[in-house]
Chemist: 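Sharing a structure with you now.
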Amino acid sequence: MPITDKVAAAKQIGEFLQAVISNGGFKLKYRITVDPPIAGNREWEHPEILVEFAGPDSSLLLERAGELLRSFELLATEMLQLQGNEHEKIWFDCKNFRALRIDELQLAARVAAEQVRRTSEPYRFGPMSSRERRIVHLALREEKDLRTESDGEGGRRSVVVYPGSYKSTAPVRRERERRPSSGERS
């Protein structure tokens with residue numbers, strides 16, 4: 001369901017975060033901004049609601065590549081019943097983590113592009129969220145001699161950078177397309 005009332009959605013997020021922070025014993029503060037101005041690396045995504053965290057426990061949010069921060073964000077999108085294609089409408093950030101991660105992904109995309117050009121072989125990134133895959137795709141969108149594709153299923157989905165003229169010798173067979181071996185039921 002789309003965000004029809006951004007102020008009401010921001011209030012819901014605030015109530016959710018207040019409960020999580022107080023019940024979880026976190027030492028965190030947050031600021032919620034509706035329709036934040038677009039700055040810096042936010043040129044590709046335009047959140048309708050931005051939640052920024054600060055406080056002594058900020059580092060907890062950023063451990064393991066921002067896993068707790070992303071978990072809070074995911075819970076908020078689920079609470080608001082946003083569809084997968086609407087998740088980019090809400091951003092949770094802490095200590096400029098998002099901008100730094102975008103810079104890191106853009107650099108990784110450029111390095112992968114150079115490797116593909118040098119070797120003429122595809123380069124596969126590790127598994128990424130849909131937002132991170134999008135950043136890599138957009139970082140390489142102007143590279144006419146390359147192409148990018150997402151491959152894999154669920155949490156194993158990743159970006160593959162191919163030389164523009166690369167022809168695969170065999171299609172990638174996904175797990176659900178696998179034929180049963182003898183002794184297995186179909």
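These figures come from a predicted structure and were not determined experimentally.
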Chemist: With heavy-atom distances below 4.5 Å as the criterion, would you say the side chains of Val116 and Pro122 are in contact?
Modeler: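 Heavy-atom side-chain distance check fails, nothing below 4.5 Å.
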Chemist: For residues 59-71, which residue pairs pass the salt bridge (Lys or Arg N to Asp or Glu O under 4.0 Å) check, not counting sequence neighbours?
Modeler: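 Sorted pair list: Arg64-Glu67.
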Chemist: For a quick test of reading the model, state the closest non-hydrogen atom pair linking Ile90 to Arg131 and the distance between them.
Modeler: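 Residues Ile90 and Arg131, closest heavy atoms: O-NH2, 2.7 Å.
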Chemist: Using a 3.5 Å distance criterion without hydrogens, assess whether the side chain of Arg124 forms a donor-acceptor pair with backbone atoms of Val160.
Modeler: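 Answer holds: no.
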Chemist: For the CZ atom of Phe125 and the OG1 atom of Thr148, what is their distance to the nearest 0.5 Å?
Modeler: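 The distance works out to 9.5 Å.
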Chemist: On a heavy-atom basis, which atom in Pro36 and which in Pro47 lie closest, and how many Å separate them?
Modeler: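 That would be CD-O, 3.4 Å.
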Chemist: Quick check: closest heavy atoms across Ala139 and Ala109, and the distance to 0.1 Å?
Modeler: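 So the two residues come closest at CB-CB, 3.9 Å.
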Chemist: Check side chain to side chain contact (heavy atoms under 4.5 Å, CB included) between Phe97 and all other residues, then give those that pass, not counting sequence neighbours.
Modeler: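 Only Leu62, Leu69, Asp93 meet the side chain to side chain contact (heavy atoms under 4.5 Å, CB included) criterion with Phe97.
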Chemist: State the CG-CZ distance between Leu75 and Phe92, to the nearest 0.5 angstrom.
Modeler: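 So the CG of Leu75 and the CZ of Phe92 are separated by 8.5 Å.
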Chemist: Kindly state each residue pair satisfying side chain to side chain donor-acceptor pair (under 3.5 Å) with at least one member in residues 108-117, sequence neighbours excluded.
Modeler: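 Every side chain to side chain donor-acceptor pair (under 3.5 Å) pair that includes a residue of residues 108-117, provided the two are not neighbours, is Glu114-Arg117, Arg117-Glu143, Arg117-Asp145.
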Chemist: Could you list who else is in Val111's hydrophobic cluster, with ILVMFWY side chains joined at under 4.5 Å, directly or through other members?
Modeler: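 Taking Ile, Leu, Val, Met, Phe, Trp and Tyr as members, Val111 shares its hydrophobic cluster with Leu107.
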Chemist: Examine distances only and state if a side-chain atom of Arg133 and a backbone atom of Met128 form a donor-acceptor pair shorter than 3.5 Å.
Modeler: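 Yes, Arg133 side chain to Met128 backbone: donor-acceptor pair under 3.5 Å.
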Chemist: With a 4.5 Å limit on heavy-atom distance, are the side chains of Asp35 and Glu48 in contact?
Modeler: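 A side-chain contact under 4.5 Å exists here.
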Chemist: Can you name the residues that form a ring pair (Phe, Tyr, Trp, His ring centres under 6.0 Å) with Tyr30, not counting sequence neighbours?
Modeler: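 Partners of Tyr30 under the ring pair (Phe, Tyr, Trp, His ring centres under 6.0 Å) test: none.
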Chemist: Can you give me every donor-acceptor pair (side chain of residues 9-19, partner residue at least two apart or in another chain, under 3.5 Å) with its distance?
Modeler:
none

